[in-house]
**Student:** 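Take a look at this one; I'll ask things after.
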Amino acid sequence: MKQDIHMKSHNVVFTCASCNNKVEIKSTLKDSEVAIDVCDKCHPFYIGSSISQQVKGRAEKFSKKIASADTTKSKSDAKPTKKQNKKIINSLNNL
């Protein structure tokens with residue numbers, strides 16, 4: 001086996017920027033400390049919480065708002081009744 005062809009590994013401390021959790025593992029990185037954005041202690045996927053439920057609720061709320069606006073619009077755009085037609089015709093005849 002050839003000598004000195006493998007990279008040297010040493011202990012590196014990874015620090016989570018969100019929760020300040022520190023994890024020490026062996027790595028070939030030259031730095032002794034590395035900052036990471038999220039870790040398994042604070043990432044929603046790993047801790048089992050998800051925002052999708054809240055987003056789903058917002059989407060349903062928006063859909064209800066649009067549906068109620070459509071029904072209000074359809075009521076105002078509805079065809080006039082026979083009685084309303086007679087009133088319109090009478091008002092036009094009076095002009």
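Heavy-atom basis, side chains included; hydrogens, waters and symmetry copies ignored.
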**Student:** NZ/Lys41 to CG/Asn21 distance, rounded to the nearest 0.5 angstrom?
**Tutor:**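 So the NZ of Lys41 and the CG of Asn21 are separated by 6.0 Å.
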**Student:** Could you check whether atom CG of Asp37 has more than 12 heavy atoms from other residues, nucleotides or ligands sitting under 6.0 Å from it?
**Tutor:** no
**Student:** Show the nearest heavy-atom pair for residues Ile36 and Cys39, with the distance to one decimal.
**Tutor:** CD1-CB, 4.3 Å
**Student:** Val13 vs Val23, test: side chain to side chain contact (heavy atoms under 4.5 Å, CB included). Steps then yes/no.
**Tutor:** CA-CA 6 Å; Val13 177; Val23 178; over 6 Å; no
**Student:** Checking side chain to side chain contact (heavy atoms under 4.5 Å, CB included) for the pair Asp31/Phe14: CA distance, chi angles, key distance, verdict?
**Tutor:** CA-CA 10 Å; Asp31 297 333; Phe14 289 89; over 6 Å; no
**Student:** Do you know the tightest heavy-atom contact between Thr15 and Glu33?
**Tutor:** OG1-OE1, 4.4 Å
**Student:** The test is side chain to side chain contact (heavy atoms under 4.5 Å, CB included); show your working for Thr28 and Lys8 and say whether it passes.
**Tutor:** CA-CA 6 Å; Thr28 58; Lys8 304 282 185 201; over 6 Å; no
**Student:** For a quick test of reading the model, state the closest non-hydrogen atom pair linking His10 to Lys30 and the distance between them.
**Tutor:** NE2-O, 3.9 Å
**Student:** I need the minimum non-hydrogen distance between Leu29 and Val12, along with the two atoms involved.
**Tutor:** O-CG2, 4.2 Å
**Student:** Run the numbers on Ser27 and Ser9 for side chain to side chain contact (heavy atoms under 4.5 Å, CB included), then give the verdict.
**Tutor:** CA-CA 5 Å; Ser27 176; Ser9 65; over 6 Å; no
